[in-house]
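This report refers to the structure that appears directly beneath it.
Within every chain, numbering begins at 1; the chains are lettered A, B, ... in the order of the sequence lines, protein sequences first and strands thereafter.
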4 protein chains.
Amino acid sequence: MPKLGMEPVRRRALIGAAVEAIHEHGFCEVTMGQIAARAGVSAGLAHHYFGSKEQLLTATMRHLLSELGAEIVSRLSRAEGPRQRVSAVIAGNFAPGQFRPAVISAWLAFYVQAESLADARRLHGIYARRLRSNLVHDLARLVSRERAFAVADGAAALVDGIWLRQVLRVGEPDAATAIAMVEDYVALQLERGRM
Amino acid sequence: MPKLGMEPVRRRALIGAAVEAIHEHGFCEVTMGQIAARAGVSAGLAHHYFGSKEQLLTATMRHLLSELGAEIVSRLSRAEGPRQRVSAVIAGNFAPGQFRPAVISAWLAFYVQAESLADARRLHGIYARRLRSNLVHDLARLVSRERAFAVADGAAALVDGIWLRQVLRVGEPDAATAIAMVEDYVALQLERGRM
Amino acid sequence: MPKLGMEPVRRRALIGAAVEAIHEHGFCEVTMGQIAARAGVSAGLAHHYFGSKEQLLTATMRHLLSELGAEIVSRLSRAEGPRQRVSAVIAGNFAPGQFRPAVISAWLAFYVQAESLADARRLHGIYARRLRSNLVHDLARLVSRERAFAVADGAAALVDGIWLRQVLRVGEPDAATAIAMVEDYVALQLERGRM
Amino acid sequence: MPKLGMEPVRRRALIGAAVEAIHEHGFCEVTMGQIAARAGVSAGLAHHYFGSKEQLLTATMRHLLSELGAEIVSRLSRAEGPRQRVSAVIAGNFAPGQFRPAVISAWLAFYVQAESLADARRLHGIYARRLRSNLVHDLARLVSRERAFAVADGAAALVDGIWLRQVLRVGEPDAATAIAMVEDYVALQLERGRM
DNA sequence: AATGAATGAGTTTTCATTCAT
DNA sequence: GATGAATGAAAACTCATTCAT
């Protein structure tokens with residue numbers, strides 16, 4: 001029994017289902033049917049709302065990026081001073097809603113597919129540049145601009161590497177250890193920067 | 001014009017072609033036909049020698065892992081003392097034969113697919129554990145065993161993160177900068193370890 | 001022009017088409033495409049409903065067995081007394097819907113394939129045991145239990161042999177002669193049993 | 001190391017391998033490779049000697065028919081009088097070399113394929129007619145010509161049915177019981193014929 | 001005589017996508 | 001709004017067959 005205003009509900013459900021389906025079946029193998037079934041609708045409806053599989057996947061990636069961005073922004077708004085802002089970015093990357101198996105799988109899949117999926121590459125690039133400029137901006141108030149770039153790149157690589165290595169792990173991701181590792185890296189770099 | 005003893009030749013050619021085809025078409029999209037064509041043989045022959053697409057891809061991953069391992073082992077054999085050995089592992093990860101677009105694409109694709117491909121996961125796990133124990137062994141001669149674990153994990157995450165971020169980059173990978181970033185990380189950690 | 005509730009219609013059509021296609025092309029040679037075309041649908045739809053060629057063929061065999069079973073049961077329900085019941089079983093095996101070229105071809109193909117198709121063997125075994133126990137039960141009211149088994153086995157072998165030999169014949173199967181031959185065998189055996 | 005006069009050896013080996021391979025894999029599924037491997041040669045050689053898969057299978061059937069024929073002829077040559085000759089034919093059909101699983105499988109497969117394989121049909125027809133005329137000729141010396149035809153057909157159907165039902169059985173074929181069943185049938189028919 | 005390399009045609013199978021209802 | 005029916009294109013895979021050696 002169709003209801004009014006179902007569209008946003010369905011879209012969200014399908015995007016969530018896509019994330020989980022990618023995690024369960026793998027990015028390459030996942031089918032529209034699996035995603036739709038997981039969302040409790042027919043494959044036809046998924047097409048109706050998204051137009052194509054590629055568009056659904058792009059929307060899914062956009063969603064992952066904006067969720068992660070929101071986590072960071074929310075923490076940034078509560079941070080005081082550049083050092084806290086840097087920590088906010090780090091913590092945001094390992095927020096409970098983000099640093100969990102299904103999201104990690106999907107996120108990395110899009111990351112790696114970025115090479116072949118033009119849309120994925122573009123979206124990811126925008127996000128990465130914004131994140132970097134945020135970090136650099138804050139770090140530059142603590143160390144030289146030149147070093148700020150290096151520290152930002154190092155921290156970003158460390159974050160991405162930790163996400164990537166999570167794939168080989170078994171069991172639940174450990175956000176606290178992850179954050180500690182990145183914070184430790186930044187702290188060491190800043191210390192030196194001041195020496 | 002069939003010749004004798006072509007099997008190993010073909011197997012090597014197909015594995016090489018797989019790496020390049022994955023880079024060109026994307027891991028999900030690549031077909032046996034494309035790989036075979038690139039190796040200059042028919043798709044049937046690829047099946048004849050590898051049994052299935054999955055087995056060809058697994059063999060390809062195994063090859064990538066062993067090549068990387070060989071680079072590291074070769075550098076380790078020329079290293080003197082634990083500090084040089086750590087550098088050997090780092091440099092091996094960015095050796096010219098390894099840190100190039102096609103290999104990076106394929107490697108990451110397997111990394112991410114590890115979740116769904118049981119064989120890939122297993123192979124990757126074996127490799128990662130061996131690498132880690134190597135690093136820890138050498139680092140433990142420079143800092144406490146506890147810190148050796150932390151540094152090894154941090155360096156490994158940094159290496160993987162740099163590989164991953166290469167996907168978003170344009171142009172040729174810059175091994176020197178990559179190595180400098182990881183060496184810098186290790187140097188900072190060891191300095192502190194001695195303080 | 002899709003309609004609702006087509007699944008059972010298509011399944012039945014595909015099973016019927018399978019019987020005819022086996023007869024026309026031979027069990028080994030028949031393809032899903034031929035079966036689907038004969039049913040007026042695409043090969044994709046046949047897979048959609050049956051999952052695989054093997055499952056379609058298994059369903060076809062199940063259908064042949066149940067049709068034959070239904071013919072016998074229907075005749076048994078109208079039979080009075082054990083002697084008539086035995087005749088009902090015999091006549092059922094040569095009922096017009098059963099003893100015709102396409103069904104004979106398909107039936108025998110499954111019979112012979114039974115060795116390699118585990119499912120086919122199982123289904124056939126169930127059917128054969130049920131038929132035998134039916135026959136034995138009735139025959140045992142006319143002759144000793146020991147002889148009932150022998151007569152049931154002989155009659156069953158005769159029936160199967162007549163079906164098999166039909167393959168070498170040209171022209172329409174002759175049910176009347178077939179029935180007469182088996183009835184004659186049973187009659188002779190029962191006569192002696194009473195002597 | 002090729003030897004002179006290997007051809008007949010290879011041909012026999014390939015035919016024997018075909019019978020066993022059909023039994024093991026099923027008539028539809030068997031491949032030239034499996035047959036050749038079982039004969040200890042390459043698939044190419046099988047083609048070299050037989051020209052094609054179909055010709056190898058036809059040769060195999062011809063071989064099965066001639067072996068069975070030889071068993072019967074050999075027994076006929078030792079038989080005295082028409083009654084013994086009838087028994088010779090029956091016993092020949094269940095000779096140890098014939099009535100065993102692999103031969104039964106292959107034989108029946110050819111029987112059933114007779115519909116689509118023109119050669120199989122022709123060969124089988126020739127054999128069946130010769131067998132029948134043999135039987136009729138002897139039976140006609142014991143009962144009326146008219147009844148001789150009926151008894152020959154009944155016995156032949158019974159023999160074929162017993163072979164066919166062997167497919168559903170597990171364990172080794174029981175030639176003694178099979179022979180007893182057919183002999184019993186013939187005996188009963190002859191008794192009546194004399195009454 | 002015999003092999004193993006190689007292919008190409010053909011078959012099964014999968015799925016995104018479309019569309020009538 | 002939503003579904004299930006249906007397709008067609010593309011892919012994996014198999015295998016008989018050919019041929020150089």
Atom-to-atom span, CG of C:L45 to C1' of F:dA9 - whole angstrom: 16 Å
Roughly, in whole Å, what's the span from CE in B:M6 to C1' in E:dT3? 15 Å
Taking atom CZ of B:R100 and atom CD1 of B:I104, what is their separation to the nearest 0.5 Å? 9.5 Å
How far does CG of D:L108 sit from CG of C:L164, to the nearest 0.5 angstrom? 6.5 Å
Per the ring pair (Phe, Tyr, Trp, His ring centres under 6.0 Å) rule, what does the pair list look like for residues 13-44 of chain B, sequence neighbours excluded? B:F27-B:F110
Check the orientation of B:H124 and B:Y111. Use parallel for under 30°, tilted for 30 to 60°, and perpendicular for over 60°. tilted
For the side chain of C:R10, starting at C-beta, report the closest nucleotide among F:dT7, F:dA2, F:dA6. F:dA6
Side-chain contact check for B:E7: nearest option of F:dG4, E:dA5, F:dA16 is E:dA5
For residues 51-58 of chain A, dump all side-chain donor-acceptor pairs below 3.5 Å to protein atoms at least two apart in sequence or in another chain.
| unit_1 | atom_1 | unit_2 | atom_2 | d |
| --- | --- | --- | --- | --- |
| A:S52 | OG | A:E54 | N | 3.4 |
| A:S52 | OG | A:Q55 | N | 3.1 |
| A:S52 | OG | A:Q55 | OE1 | 3.3 |
| A:K53 | NZ | A:V30 | O | 2.8 |
| A:T58 | OG1 | A:E54 | O | 2.9 |

Can you work out whether B:M32 or C:A43 has the more 5'-proximal nearest nucleotide on DNA chain F? C:A43
Between B:E29 and C:G44, whichever has its closest DNA chain F nucleotide further toward 5' is C:G44
Where does DNA chain E pair, written as one dot-bracket string 5' to 3', with Watson-Crick or G-U pairs under 3.5 Å, ( ) inside the strand, [ ] for crossing pairs and | for another strand? .||||||||||||||||||||
Distance-only check: which donor-acceptor pairs under 3.5 Å involve side-chain atoms of residues 42-50 of chain A, not counting sequence neighbours?
| unit_1 | atom_1 | unit_2 | atom_2 | d |
| --- | --- | --- | --- | --- |
| A:S42 | OG | A:L45 | N | 3.3 |
| A:H47 | ND1 | A:A43 | O | 3.4 |

Contact between B:Q113 and A:E29 at the side-chain level, heavy atoms closer than 4.5 Å - yes or no? yes
Near DNA chain E, counting only heavy atoms under 4.0 Å, which residues of residues 47-57 of chain D show up? D:H48, D:Y49
For D:E20, all residues meeting side chain to side chain donor-acceptor pair (under 3.5 Å), sequence neighbours excluded: D:R38
Using every non-hydrogen atom in the two residues, find where D:V167 and C:R121 come nearest and quote the distance to one decimal. O-NH2, 3.4 Å
Check every strand shown and say whether A:V9 touches a base, only sugar-phosphate, or nothing at a heavy-atom separation below 4.0 Å. nothing
Base, sugar-phosphate or nothing for A:T31? Non-hydrogen atoms, less than 4.0 Å. sugar-phosphate
For C:Q34 and for B:A46, locate the closest nucleotide of DNA chain E by heavy-atom distance; then report the residue assigned to the nucleotide nearer the 5' terminus. B:A46
